[in-house]
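Below is one structure, written out as structure tokens; comments come after it.
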Amino acid sequence: MKFKNNSLFWIAGAISVIFDQLTKYWVVQNFEFRESWPLWEGIFHFTYVTNTGAAFSLFSNNGAWLRWLSLLVSLGLIALAWFGPRMNRWEEVGFGLILGGAVGNGIDRFRLGEVIDFLDFRLINFPVFNIADVSINIGIICLLIVMLRPSPPRNEGPSSPGGRD
């Protein structure tokens, strides 16, 4: 069964979705919309906002198609893990975290029509984001590590018919 073959993929994806949805639930239960709690004044705050667009509010107020994109990406990643080859650990975790982020934000898009954001890094005036966004970015970093890391030498087997060199 493919769950065994790419188990880190499924684990990373599930943990990412659960953590994302729990933190968003906590924010909605404990904050008024646009309310901000400084954790480190001027540096990092929890600020409850929503985003109808994609990253950095791209396609805001015209991004209903983003829910379908989240679903398509999620289904593609699930198919890759289920039907595709055995992945290495970095690929499993990377693709799993991207799946978790896509599902986490996709749940918001289908349920609310927008994404709940609350991580507000103010030191560099960065857009407010959420755990799903963090998961996607860490997943991309994992995949970049795979791409940039030199491939291990392949064992071609014996070079002579007798099995000896």
Indicate if [X] and [Y] have the same hydrophobic cluster label, given that clusters are the connected sets of ILVMFWY residues with side-chain heavy-atom separations under 4.5 angstrom.
X	Y	result
Val115	Val17	no
Leu97	Leu148	no
Val73	Trp82	yes
Ile116	Phe19	yes
Leu112	Leu71	no

Quick one: hydrophobic cluster around [X], which other residues, with the 4.5 Å side-chain cut-off, linked directly or via members?
X	value
Ile15	Ile11
Ile18	Leu22
Ile141	Trp90, Ile145, Val146
Tyr25	none

For residues [X] and [Y], determine if any side-chain heavy atom of one lies less than 4.5 Å from a side-chain heavy atom of the other.
X	Y	result
Leu119	Ile131	yes
Asp108	Gln21	yes
Arg122	Ser36	yes

- prompt: With Arg89, which residues qualify under salt bridge (Lys or Arg N to Asp or Glu O under 4.0 Å), at least two apart?
  reply: none
query: With sequence neighbours left out, what residues match Phe121 under side chain to side chain contact (heavy atoms under 4.5 Å, CB included)?
result: Ile43, Phe44, Leu123, Ile124, Phe126, Phe129
Which pairs of donor and acceptor atoms, one on a side chain in residues 98-105, lie under 3.5 Å apart (sequence neighbours left out)?
from	atom 1	to	atom 2	distance (Å)
Asn105	OD1	Lys24	NZ	3.0
Asn105	OD1	Asn130	ND2	3.1
Asn105	ND2	Asp133	OD1	3.0

With rounding to the nearest 0.5 Å, note down the distance linking [atom1] in [X] to [atom2] in [Y].
X	Y	atom1	atom2	result
Asn6	Glu91	CG	CD	9.0 Å
Asn137	Cys142	CG	SG	11.0 Å
Leu77	Leu72	CG	CG	9.5 Å

With a 3.5 Å distance limit and no angle check, can you tell me whether [X] reaches the backbone of [Y] through a side-chain donor-acceptor pair?
X	Y	answer
Asn30	Trp26	yes
Asp120	Thr47	no
Glu41	Pro38	no

- prompt: Which pairs pass salt bridge (Lys or Arg N to Asp or Glu O under 4.0 Å) with one or both residues in residues 26-35, sequence neighbours excluded?
  reply: none
message: Between Trp10 and Ile78, does the side chain to side chain contact (heavy atoms under 4.5 Å, CB included) criterion hold? Intermediate values first, please.
response: CA-CA 9 Å; Trp10 304 105; Ile78 289 168; 3.9 Å; yes
message: So, using side chain to side chain donor-acceptor pair (under 3.5 Å) as the criterion, who are the partners of Ser70 when residues are at least two apart?
response: none
message: Can you list everything that forms a side chain to side chain donor-acceptor pair (under 3.5 Å) with Thr50? Sequence neighbours excluded, please.
response: Glu114
field: Residues forming a ring pair (Phe, Tyr, Trp, His ring centres under 6.0 Å) with Tyr48, sequence neighbours excluded
entry: Phe33
- prompt: With sequence neighbours excluded, what pairs up with Phe118 under the ring pair (Phe, Tyr, Trp, His ring centres under 6.0 Å) test?
  reply: Phe46
query: Ring centres of Phe110 and Trp68 under 6.0 Å apart?
result: yes
